[in-house]
Every structure is written in C-alpha cells, then in structure tokens.
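Chain identifiers are assigned alphabetically (A, B, ...) following the order of the sequence lines, protein sequences preceding nucleic acid strands; residue numbering begins at 1 within each chain. This is a predicted model, so every value here is computed, not measured.
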Number of protein chains: 2
Amino acid sequence: MARWQPHASERLVVAALELFEERGYENTTVIQIAERAGLTKSTFFRHFPDKREVLFGGGAVSGLLVEGIDAAPAGAGPLEAVAHALEVIGAEVFTSDRREFGARRSAAIAANPELREREALKGLRVTASMTDALKRRGVPDLAARVAAELGALAWKIAYERWTDAANGDTFGELARRTLAEVRAAGAVC
Amino acid sequence: MARWQPHASERLVVAALELFEERGYENTTVIQIAERAGLTKSTFFRHFPDKREVLFGGGAVSGLLVEGIDAAPAGAGPLEAVAHALEVIGAEVFTSDRREFGARRSAAIAANPELREREALKGLRVTASMTDALKRRGVPDLAARVAAELGALAWKIAYERWTDAANGDTFGELARRTLAEVRAAGAVC
DNA sequence: AAGCGTGATGGGACTTGGTCTCATCACCGT
DNA sequence: ACGGTGATGAGACCAAGTCCCATCACGCTT
C-alpha cells in the first residue's frame, strides 16, 4: 500500500474548486482546502506557488500551443498555424471528459477578481508564446502579434462556447469555426 | 497653513516608484512607502486598495476611452472610432510632461510579475470597455471584440514607442500610425 | 536482518499584505 | 467658544506565503 494517498495535487484542485463553489474564493482558506484534501498548508504550497494557481496548474497549454504552431505545415499562413495549434489543444487538453470541469472552473474564475487577474496574466503569456512561435516561422513582428492576439481572442470565445455547448461539439471544431468568424470580422474593421 | 501636507496620494506614488526602482517591488514594504511619503500604513490603504494599485491609480483612462469612442463621428468605422479614442487619451492623459514618469513606471511594472499581472487585468478591463462602447455604436458583437482587441494592441505598442521615443512624437500621432500598421498587418493574416 | 538515503509530508515560527476599529486633532461654520 | 468634519495615526487581528526542521515509510545496500 502506498505510503501516502496518491494524486495529492489533483485532490487539492478538486477540494479548492468545491470550496470556491460552496463559499467563494475569498471566504476559503488555504488551510481549509488542504484539510479537505487530507493534507496541510505546507503541502499545499509545495504543490502550488500560491492560492490562485490551484485553478491554473495544468499549464501545459502554452507549450502545446507552441508545438502546434511549430508543427503547422510550412506553407500555412499565421492564422492557419494558429488554427492548427488550437486543434492540438482541443485534442490533447480540452477533451470532452474535461468539459464539465472546465465549465465549473470558468465559473469560479469569473466570480472572483483575483482569479480573473491571474487568468489575464496567463492570457498574456500565451499570447507572447504564440507570437514568438510565429516569428520563428518567419512571420514579421507586427503580423505575428496581431495573429497571436486574434488567436487568443478566438480561443477565449471558443472556450466559452465549448463549456456552454449543449451539443457535443469538439473544442477543435468550435475553435476552427470561431477563428474563421474572427478573421471575417477583422476584415470588416 | 494646511493641516496636512497636500497631495498625499501623489506623494505615495512617487515614494513607491522610487523605492521600487531602488530595491525592487518585492523588497519594498508598504510601511516603507508610507514612511517615505511622511504617512502611515493606514493612510496608504486609505488611498489605494492594495500595494500594486499605487502604480495604476490614475484610472481615468478607461472612462476617457469610452468617451472618445462615443464622441467619434457617426460615420466612422470601429477602428476609426478607436483611433479617435486613442487621440483623446493622448491629449488628456499621455501628455509630453508625463512621458518620463510613464517610462519609469513601465520599467518598474516590467520588472515584477505581480505588477505585470495587475497590468494584464487593467488591459482586460479596457478592452471590455471599448467593446461595450463599440457595441453601443451598433457594431456587431464579434467585430466589436476584434476592433477592441486590435485597438488595445495598438495602444500597447504605441505606448512602448512613446516612452522610448527620442523624438518629440505625440502619443496621439504614434497611436494613429501604429493603429494603421496593425490594421495593415491584420489584413495580411 | 539491519541500516541508510530518499522524498513527500507535518508542524510551527515568522514576515507582510490587508482589514477594522477607535482615537486624535486642526480647520470651519455657527 | 463650541461642536461637526475629514484626513490621519495607532494597533489588534487574520490570512497568504516563506523557511526550517522533524517525521516516517519505502527501497536499496551491506
């Protein structure tokens, strides 16, 4: 038998999300989260650098986006490369079994300014990563920044649609469609 | 003679910026900021809701952007309205006498993750305000979001250029030029 | 079988951000 | 002269986050 109960950080994430839903982020203490997960404050901060990060830990996303852009066919334009990356994310991270969790997580984040702030920072990082990846493909600086920004916007909207979706649309499909709409809207401005 | 030294919050801002430059944000205590301004911790938190906000207080920007968009000529497209708003900001807030302060402030923010995080949140709020203002002009939702995002990007780049500027370019001029470049880059994607 | 290094955990002291409440005290109008 | 006002000071208090040390079961070595 294992010495400790396994999946400590997953347990912390679940406990945190439950408590945030029950009593709100700011009325929840790190100690309470740790206790619900059968752990202590020390252990919490060993798994997450701060209280907010417990809802943002699975940060493989940024790396996958970069890989997705790098792996896009050489002839693809900047926005096509971004579309390719979004489909990678959809296949690897935003799988249908995580849809409900994603929706609960989004609701918790939307309900609290501190969590929205952290989400905004993550958004900046993702955009910066995409910009760099596009520049490595030879896309000129400004075009790369614009494409990354539009990609991030499409991602945000697609994520909203995915978590709300009553039908079984894949994140990848939604993202592709949304990016096309964003592109069309951009052409009109 | 005045009962208290005037301009308490300005003094706090100056003291904070100096200390952040001298020893870094995280090695600076709210008590130290207050002492340098000849005040106390209590008074600091009476003027600013938290330590980060001392560099983000003059938040009239968001409101001015909305006014600028509202005041744009009725025939102007979304990006023209945004351009109009950016020039309002340039005339009212980013005046040439605040250029040096802006540069120092930007450097301090860039040097610290917590401050970058707060800046990211402010960016979200500004984008949301612009989106709403554009929608009030009858711009359809998605186009409004795209235009606001491109406007925010142009603003960010123009601000960088303005604080770096060796020549005497006005923020308004820089913003107009930058927005045109962003638009052109968007058309290529 | 006994011993030892390892790694995740527990425990608790400590600093700082942030909140709250009460006291102070110079100005101002009556 | 007097009381209201408004910005400030003082200090208790809680929670986030850091640090250091102890614990203890597992597996490997001897």
Asks: With salt bridge (charged side-chain N to carboxylate O under 4.0 Å, His left out) as the test, would you mind laying out the steps for A/Arg36 and A/Glu22 before giving the verdict?
Replies: CA-CA 13 Å; A/Arg36 178 165 301 199; A/Glu22 289 171 16; 2.9 Å; yes
Asks: Specify the residues of residues 13-32 of chain B, ordered by number, for which at least one heavy atom lies under 4.0 angstrom from an atom of DNA chain C.
Replies: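 Nucleic-acid contacts, sorted: B/Thr28, B/Thr29, B/Val30.
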Asks: Quick test of your reading: applying salt bridge (charged side-chain N to carboxylate O under 4.0 Å, His left out), list the pairs with at least one residue in residues 65-78 of chain A, sequence neighbours left out, ordered by first then second residue.
Replies: A/Asp70-A/Arg136
Asks: Nearest-Å distance, CD (A/Glu53) to P (D/dT18)?
Replies: 12 Å
Asks: To the nearest Å, give me how far apart CG (A/Asp50) and C1' (D/dA15) are.
Replies: 13 Å
Asks: Please determine whether the number of non-hydrogen atoms from other residues, nucleotides or ligands lying under 6.0 Å from atom CZ of A/Arg137 exceeds 12.
Replies: yes
Asks: In whole angstrom, what separates A/Lys51's NZ from C/dG18's P?
Replies: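 Spelled out: NZ on A/Lys51 to P on C/dG18 is 13 Å.
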Asks: Within the structure, does a side-chain N or O atom of A/His47 lie under 4.0 Å from either OP1 or OP2 of C/dT9?
Replies: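 For A/His47, the contact criterion (side-chain N or O under 4.0 Å from OP1 or OP2 of C/dT9) is met.
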Asks: Answer whether the closest heavy-atom distance between the side chains of B/Lys51 and B/Glu26 falls below 4.5 Å.
Replies: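 Not in contact.
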Asks: Roughly, in whole Å, what's the span from CD in A/Gln5 to C1' in D/dA25?
Replies: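 Nearest whole value for this atom pair: 14 Å.
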Asks: For A/Glu100, does the CD atom have more than 12 heavy-atom neighbours from other residues, nucleotides or ligands under 6.0 Å away?
Replies: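 At most 12 heavy atoms, drawn from other residues, nucleotides or ligands, come within 6.0 Å of this atom.
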Asks: Find out whether B/Glu173 and B/Trp162 are in side-chain contact, i.e. whether some heavy atom of one side chain is under 4.5 Å from a heavy atom of the other.
Replies: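 No; the side chains remain at least 4.5 Å from each other.
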Asks: Could you check whether any side-chain N or O of A/Arg11 sits under 3.5 Å from a backbone N or O of A/Pro6, counting only pairs where one atom can act as donor and the other as acceptor?
Replies: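 Side chain of A/Arg11 to backbone of A/Pro6, a donor-acceptor pair under 3.5 Å: yes, one is there.
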Asks: Taking NZ, NE, NH1 and NH2 as the nitrogens, is one of them in B/Arg183 or B/Glu80 under 4.0 Å from a carboxylate oxygen of the other?
Replies: yes
Asks: Using whole Å, what does the distance between atom P of nucleotide C/dA8 and atom CG of A/Leu12 come to?
Replies: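 Distance, rounded to whole Å: 14 Å.
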Asks: In whole Å, what is the span from the CZ atom of A/Phe45 to the P atom of C/dA8?
Replies: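 After rounding, the reported distance stands at 19 Å.
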Asks: Output the rounded distance in Å from CD (A/Glu35) to C1' (C/dT9).
Replies: 15 Å
Asks: Hey, what are the protein-to-nucleotides 10-14 of chain C N/O distances that come in under 3.5 Å?
Replies:
{"unit_1": "C/dG10", "atom_1": "OP2", "unit_2": "A/Thr40", "atom_2": "N", "d": "3.0"}
{"unit_1": "C/dG10", "atom_1": "OP2", "unit_2": "A/Thr40", "atom_2": "OG1", "d": "3.0"}
{"unit_1": "C/dG10", "atom_1": "OP2", "unit_2": "A/Thr43", "atom_2": "OG1", "d": "2.7"}
{"unit_1": "C/dG10", "atom_1": "O6", "unit_2": "A/Arg46", "atom_2": "NH2", "d": "3.1"}
{"unit_1": "C/dG11", "atom_1": "N7", "unit_2": "A/Ser42", "atom_2": "OG", "d": "2.9"}
{"unit_1": "C/dG11", "atom_1": "O6", "unit_2": "A/Ser42", "atom_2": "OG", "d": "3.1"}
{"unit_1": "C/dG12", "atom_1": "O6", "unit_2": "A/Ser42", "atom_2": "OG", "d": "3.3"}

Asks: Figure out the CZ/C1' separation between B/Arg11 and D/dA7, and round it to whole Å.
Replies: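 After rounding, the gap between these two atoms is 11 Å.
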Asks: Are a donor atom and an acceptor atom from the side chains of B/Ser62 and B/Arg125 found within less than 3.5 Å of each other?
Replies: no
Asks: For a quick test of reading the model: is some side-chain N or O of A/Arg52 closer than 4.0 Å to OP1 or OP2 of D/dG17?
Replies: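 Yes, A/Arg52 has a side-chain N/O under 4.0 Å of OP1/OP2 on D/dG17.
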